[in-house]
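Down below is the structure, laid out as structure tokens.
Position 1 is the first residue of the sequence; numbering continues from there. Being a predicted model, the structure only gives us computed values, none of them experimental.
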Amino acid sequence: MSENLPPCPRCSSEYTYEMNALMVCPECGNEWVPGAGGAEETGAAGERVVKDSVGNVLSDGDTVTVVKALKVKGSPSGIKAGTKVRNIRLVDGVDGHDIDCRIEGFGPMQLKSSVVKKA
């Protein structure tokens, strides 16, 4: 490549490429507008965009499916892969937990968007 492209603001990978008006990182999947000034991915209204494990954009009220078995503290059994979670809310949680939900049999909890897929 003859042109100098900026590294990924999320993972600092040097293997970024241009796709139309966006810059894309093939290692972490981050997409951003060059010169936007922020490492956090934002939408048109300046809101944070939350994507599931396969890249679908999530929004409040969506139904998602858990894609891998999760251990739950204080519970002898965890959450099985394939469990449907209805009516999620997107929040700024702790340690990357950006989905607030209620799971049948477990009650209210927070999940990471990287372990769910939009149903």
Side-chain angles (χ1 to χ4, degrees):
M1 290 178 114
S2 62
E3 54 187 278
N4 292 328
L5 298 175
C8 175
R10 186 177 291 166
C11 70
S12 301
S13 170
E14 61 186 24
Y15 301 109
T16 58
Y17 62 91
E18 287 185 79
M19 184 172 68
N20 298 328
L22 294 175
M23 295 296 296
V24 180
C25 175
E27 292 185 6
C28 70
N30 186 24
E31 298 176 352
W32 73 97
V33 178
E40 191 67 38
E41 203 170 53
T42 57
E47 297 178 1
R48 191 169 61 102
V49 175
V50 178
K51 294 185 178 183
D52 66 1
S53 61
V54 293
N56 298 321
V57 177
L58 298 173
S59 60
D60 287 343
D62 281 345
T63 298
V64 295
T65 304
V66 178
V67 295
K68 71 178 205 173
L70 303 173
K71 295 180 182 177
V72 178
K73 283 185 183 178
S75 174
S77 64
I79 299 171
K80 294 180 182 178
T83 302
K84 281 199 171 190
V85 181
R86 294 178 180 88
N87 199 19
I88 65 169
R89 284 187 303 134
L90 302 178
V91 296
D92 289 329
V94 180
D95 292 333
H97 293 82
D98 46 11
I99 297 175
D100 195 21
C101 62
R102 185 178 186 328
I103 299 177
E104 294 286 329
F106 288 97
M109 63 177 44
Q110 290 188 342
L111 298 173
K112 292 183 178 183
S113 59
S114 61
V115 298
V116 300
K117 180 176 81 170
K118 192 170 185 175

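Between H97 and V91 the shortest heavy-atom distance is O-CG2, 4.2 Å. Scanning all heavy atoms of the two residues, the minimum distance from D100 to Q110 falls at OD1-CG, 3.8 Å. Here the closest non-hydrogen pair linking S114 and S53 is O-CB, 3.3 Å. When all heavy atoms of S13 and C25 are compared, the pair lying nearest together is CB-SG, 3.8 Å.
Atom NZ of K118 has more than 12 neighbouring heavy atoms from other residues, nucleotides or ligands inside a 6.0 Å radius.
With hydrogens and angles ignored, the 3.5 Å screen pairs a side-chain donor or acceptor of D60 with a backbone N or O of L90.
Taken from CZ in R86 to CD in E104, the straight-line distance is 7.5 Å, to the nearest 0.5 Å. Here OG of S113 is found 9.0 Å from CD1 of I88. Values are rounded to the nearest 0.5 Å. Here the straight-line distance linking atom CZ of F106 with atom CG of L70 works out to 9.0 Å at 0.5 Å rounding. Of the inter-residue distances, the one linking S59 atom OG with N56 atom CG reads 11.0 Å to the nearest 0.5 angstrom. In this structure, NZ on K117 lies 6.5 Å from OG1 on T65, to the nearest 0.5 angstrom. Distance check: M23 CE to L5 CG gives 4.0 Å after rounding to the nearest 0.5 Å.
Using a 4.5 Å cut-off between side-chain heavy atoms of Ile, Leu, Val, Met, Phe, Trp and Tyr, with links allowed through other members, V64 and V72 fall into the same hydrophobic cluster. Hydrophobic clustering (side-chain heavy atoms under 4.5 Å, transitive across Ile, Leu, Val, Met, Phe, Trp, Tyr) keeps I99 apart from V67.
Side-chain contact between L111 and I103 is present, with heavy atoms from C-beta onward closer than 4.5 Å. Put simply, the side chain of L58 reaches to within 4.5 Å of the side chain of V116, judged on heavy atoms. Side-chain contact between W32 and T16: present, with at least one pair of heavy atoms (C-beta onward) separated by less than 4.5 Å.
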